[in-house]
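Worksheet: the structure to be examined is printed underneath.
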Amino acid sequence: MIKTMGKQYNSFKEIDERLMVLKLQRKIEIESLKLNINQVKANLRPLQLAGNLKGSIQQMLLIYAIRKLKSIFSRR
């Protein structure tokens, strides 16, 4: 019986299998990180930023208009 960090293994084969699982999980996490980085890069392109800015400006103008109308109607 082999004991490592609170986990007990009955053979070196079990340790090797666990190491293989951990190595695969690490590769998956690295690929996921690469994907997220590429998505961030795509979202930071100038045309994409301009589109996001346009949407934000429209939203701010809509909120401003609603508040203005609300203040006009609340005076009556």
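The analysis underlying the following values was restricted to heavy atoms, covering all of them including side chains, and did not include hydrogens, waters or symmetry mates. What you see is a predicted model; the values in this text were computed from it and never measured.
Shown here for Glu14 and Gln8, the closest heavy-atom pair between the two residues is OE1-O, 4.4 Å. Closest non-hydrogen pair, Tyr9 versus Arg18, comes out as OH-CG, 3.4 Å.
To the nearest 0.5 Å, the span separating CG on Leu33 from CG on Asn38 amounts to 9.5 Å. Going from atom CD1 of Ile30 over to atom NZ of Lys27 covers 9.0 Å, rounded to the nearest 0.5 Å. The OG atom of Ser71 sits 12.0 Å away from the CD1 atom of Ile66 when rounded to the nearest 0.5 Å. Taking CG of Leu61 as the reference point, atom NZ of Lys68 lies at 13.5 Å (rounded to 0.5 Å). Here NZ of Lys41 is found 7.0 Å from CD1 of Ile37. Values are rounded to the nearest 0.5 Å. For the atom pair CD1 of Ile15 and CE of Met20, the computed distance is 14.0 Å after rounding to the nearest 0.5 Å.
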- Task: Check the pair Gln25, Val21 against side-chain contact (heavy atoms from CB on, under 4.5 Å), reporting the backbone distance first and the verdict last.
- Result: CA-CA 6 Å; Gln25 287 175 339; Val21 168; 3.9 Å; yes

- Run the numbers on Ile57 and Met60 for side-chain contact (heavy atoms from CB on, under 4.5 Å), then give the verdict. CA-CA 5 Å; Ile57 291 172; Met60 288 188 300; 4.3 Å; yes

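When the side chain to side chain donor-acceptor pair (under 3.5 Å) test is applied to Glu29, no partner is found at least two apart in sequence or on another chain.
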